Each structure stands twice: as C-alpha cells, then as structure tokens.
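In what follows, a structure is listed as structure tokens, so that the remarks can point back to it.
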Amino acid sequence: MKGVVLAGGLGTRLYPLTKVTNKHLLPVYNQPMIYYPIQTLVNAGITDILIVTGGNSAGDFLKLLGNGKAFGLKHLNYTYQEGEGGIAEALSLAEDFADGDPVCVILGDNIIEGNICRAVRAFRHQGGGAKILLKRVSDPQRFGVPELDGPRIVRIEEKPKEPKSDYAVIGIYMYDADVFNIIKTLKPSARGELEITDVNNIYIERGEMTWDELEGWWTDAGTFDSLLRASNLVAQTGANKLDLGAEQARKEVASGVEL
C-alpha cells in the first residue's frame, strides 16, 4: 500500500497566518503540522509516500522534509495541486504514483492520538474496495456524517443540518486502484470541487465500503480553534502513539505477514 498526504489548498480559514506560508507548515505544539500525518503512515508500515502540496510555499515542503530522513525514510515523492479543486481532485494527482496499488490517503491537517495499524491490516485482508475511519463527535454537522444500518453504512452526507448519526468521517481513507477511475466520473459540487464524499458514496453503493472506529482522540487543525485544540491535545497526551499490540500489527503489515 502507498501513502498520500494531501497538503494543498490555500488555507483561507487561517488567514493571516497562511498569507506567508502553507497551512500544513504551521506549528502544532512542537512540530510542523505536516509531520503528524506522515508519521501516521510510517507507523502503519507505509513508507512509499507522496505529498500533494500547492500554493506559493510548495518549495518549503522540500526544504523542510527533504527525502524524509526525519521519519526514517529513504525517499519522499512530491506533486503540485493548482488552486483548490477539492480532496478528490488532489487525490487524482496521485494516479501515476499509485501505479495500480491501493492507497491510504490522509488529509494533511488531521492528527490522531493513536495509530491506524489495525485498520490498514484489515484493509489489506479486505482485498479491494474502500475503508474509512469514523469517530464520535459532539458536532457532526461540521463533517461528513454516515447514516448507519447496523454495521453497514447506508450513505454519507456532507455537513448535514440534521445529522443521522453522531459519527464523523475523519480524513483518513483507504482505496483500491479503482478510486482513480471513480474520480474521473465525478462532477464538481456546488462549491466547484470534486468531493471525496461522492467517491465514498460510490463505493457504498457498490457494497465495497467498510469502516472502523478510530481509538483515541482525533482532530483536524484547519481553523484557529482546532489548531489550538490540536496543539493542546498533543502537549497533553502526545500523538501517533504505538502500544505493544499496535506495534506488533505494524510489523506484520510492514512484513506482509498474512493473519
């Protein structure tokens, strides 16, 4: 499985901070924001990683990250997204990089307390389709919200006024290679973007979507309030933590052991 970190966009909700730098280069406690999603992938045994960036500060990612030595990597890949075409449009730029392999996609402002090792392992055994991660939140109307029928997702609704559950779809997605064909069929939404929720709903309609509930806290860092919250959470508990069981799962994922 290959990893894709989506770190483009203009970060307008964080003006004036983002007038001088990309949102994903802002600090979250003691590290640049972009460090956290990369570490999430590395912890799950995913070491072939593409950074999708954009804006006027794209070159600063190369200055900061280089070839990923700080994460124990030998190489990092980069590509550039022009403007703000949506998450699905940004993901489409990874098609050549993926080269037919499944991908784990993480939004560059998503930070988690724990890890996704078991979810990655489960998706490997799933053998295709898609998997998303959900988290119970107090304000689901801010996010993509799944309608659930027992263990099955019926549909995902983006920022609903009347949410059908108290779960949010967090910004970590796993897809087989067909995701790029699906993106090519999408039409822009009312805000002129290719929506990742539309991609997920197509997988749901096909009966090829599974989900896991994320353990530990999760936050994005795309607003002033959530950026502060992310910094406070990291300061209080740390992020990207691996317990013994998860460490074993990571090793199994990395080595390709069939369980």
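Because the structure is a prediction, the values reported are computed rather than measured.
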Asp198 and Leu194: CA distance, side-chain angles, deciding distance, side chain to side chain contact (heavy atoms under 4.5 Å, CB included) verdict = CA-CA 8 Å; Asp198 292 338; Leu194 299 183; over 6 Å; no
Pair Val179-Val199, side chain to side chain contact (heavy atoms under 4.5 Å, CB included): steps then yes or no = CA-CA 7 Å; Val179 67; Val199 172; 3.8 Å; yes
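Partners of Phe143 by ring pair (Phe, Tyr, Trp, His ring centres under 6.0 Å), not counting sequence neighbours, listed by chain and number: Trp218. Applying the side chain to side chain contact (heavy atoms under 4.5 Å, CB included) criterion to Glu158, with sequence neighbours excluded, gives Thr197.
Hydrophobic clustering of Ile, Leu, Val, Met, Phe, Trp and Tyr side chains at less than 4.5 Å, counting indirect connections, unites Leu26 with Leu233. Hydrophobic clustering, with ILVMFWY side chains joined whenever heavy atoms are under 4.5 angstrom apart, keeps Leu214 apart from Ile196. Linking ILVMFWY residues whenever their side-chain heavy atoms come closer than 4.5 Å, directly or via other members, places Val103 and Ile132 in the same cluster. Cluster annotation: Tyr29 is not connected to Ile38 through the hydrophobic network of ILVMFWY side chains, with a link wherever side-chain heavy atoms come within less than 4.5 Å. Follow the hydrophobic side-chain contacts under 4.5 Å out from Leu148 and you never reach Leu133; the two are in separate clusters.
The shortest non-hydrogen separation linking Phe123 to Gly128 is CE1-O, 3.7 Å. Contact detail for Ser231 and Pro27: the closest heavy-atom pair is OG-O, 4.2 Å. Of all non-hydrogen atoms in Asn22 and Gly8, the two that sit nearest each other are ND2-O, 4.4 Å. Considering all non-hydrogen atoms of both residues, Cys104 and Ile172 come closest at SG-CG2, 4.2 Å. Contact record, Ala44 with Cys117: CA-SG, 4.0 Å, taken as the closest heavy-atom pair. Asn110 and Gly171 make their closest contact through OD1-N, 2.9 Å (heavy atoms, listed as atom of the first residue, atom of the second, distance).
Screening residues 45-56 for salt bridge (Lys or Arg N to Asp or Glu O under 4.0 Å) gives no qualifying pairs among residues at least two apart or on separate chains. Counting only residues at least two apart or in different chains, ring pair (Phe, Tyr, Trp, His ring centres under 6.0 Å) contacts with residues 71-107 comprise Tyr35-Phe71. Counting only residues at least two apart or in different chains, salt bridge (Lys or Arg N to Asp or Glu O under 4.0 Å) contacts with residues 181-190 comprise Glu95-Lys184. Sorted by first then second residue, the side chain to side chain donor-acceptor pair (under 3.5 Å) pairs that include residues 169-179, not counting sequence neighbours, are Tyr175-Asn200, Asp176-Tyr203, Asp178-Asn181, Asp178-Arg206. Applying the salt bridge (Lys or Arg N to Asp or Glu O under 4.0 Å) test to every pair with at least one member in residues 3-24, sequence neighbours left out, gives these pairs: Lys23-Asp109. For residues 224-234, the set of pairs meeting the salt bridge (Lys or Arg N to Asp or Glu O under 4.0 Å) definition, not counting sequence neighbours, is empty.
The NZ atom of Lys2 sits 14.0 Å away from the CG atom of Leu41 when rounded to the nearest 0.5 Å. With values rounded to the nearest 0.5 angstrom, Glu82 atom CD is found 9.0 Å from Glu89 atom CD. The CD1 atom of Ile182 sits 13.0 Å away from atom OG of Ser92, with the distance rounded to the nearest 0.5 Å. Rounding to the nearest 0.5 Å places OG of Ser165 at 7.5 Å from CG of Leu134. For the atom pair Asp166 CG and Lys135 NZ, the distance stands at 11.0 Å (nearest 0.5 Å). Between Asp96 atom CG and Asn77 atom CG the span is 11.5 Å, to the nearest 0.5 Å.
In this structure the side chain of Lys159 never reaches within 4.5 angstrom of the side chain of Gln141, judged on heavy atoms. When side chains are defined from C-beta on, Leu107 does not count as touching Val5, because their heavy atoms never get closer than 4.5 Å. Using a 4.5 Å heavy-atom cutoff, the side chains of Leu25 and Leu64 are in contact. Taking 4.5 Å as the limit, some side-chain heavy atom of Glu195 sits within range of a side-chain heavy atom of Glu193. Side-chain contact between Glu147 and Ile204 is absent, with no heavy-atom pair separated by less than 4.5 Å. For the pair Met174 and Val120, the minimum side-chain heavy-atom distance is below 4.5 Å. Put simply, the side chain of Ile111 reaches to within 4.5 Å of the side chain of Trp217, judged on heavy atoms. In this structure, Gln126 and Thr210 have side chains that are in contact, with non-hydrogen atoms separated by less than 4.5 Å.
The closest donor-acceptor contact from the side chain of His24 to the backbone of Met33 lies at 3.5 Å or more, if one exists at all. Checking side-chain atoms of Thr21 against main-chain N and O of Leu17 turns up no donor-acceptor pair under 3.5 Å. In this structure, the side chain of Asn115 does not engage the main chain of Asn240 through any donor-acceptor pair within 3.5 Å.
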For residues 49-63, please give each side-chain donor-acceptor pair under 3.5 Å, one per line with the distance, not counting sequence neighbours.
none

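Val145 forms part of no hydrophobic cluster, judged by ILVMFWY side-chain heavy-atom separations under 4.5 Å. Side-chain heavy-atom separations under 4.5 angstrom define the hydrophobic clusters, and Val20 shares its cluster with no other residue. Cluster partners of Tyr15 are absent, since no Ile, Leu, Val, Met, Phe, Trp or Tyr has side-chain heavy atoms less than 4.5 Å from it.
A 6.0 Å sphere centred on CG of Asp139 holds more than 12 heavy atoms belonging to other residues, nucleotides or ligands.
A salt bridge links Glu113 with Lys241; the closest basic N to acidic carboxylate O contact falls under 4.0 Å. Salt bridge status for Asp212 with Arg118: absent, with no side-chain N to carboxylate O gap under 4.0 Å.
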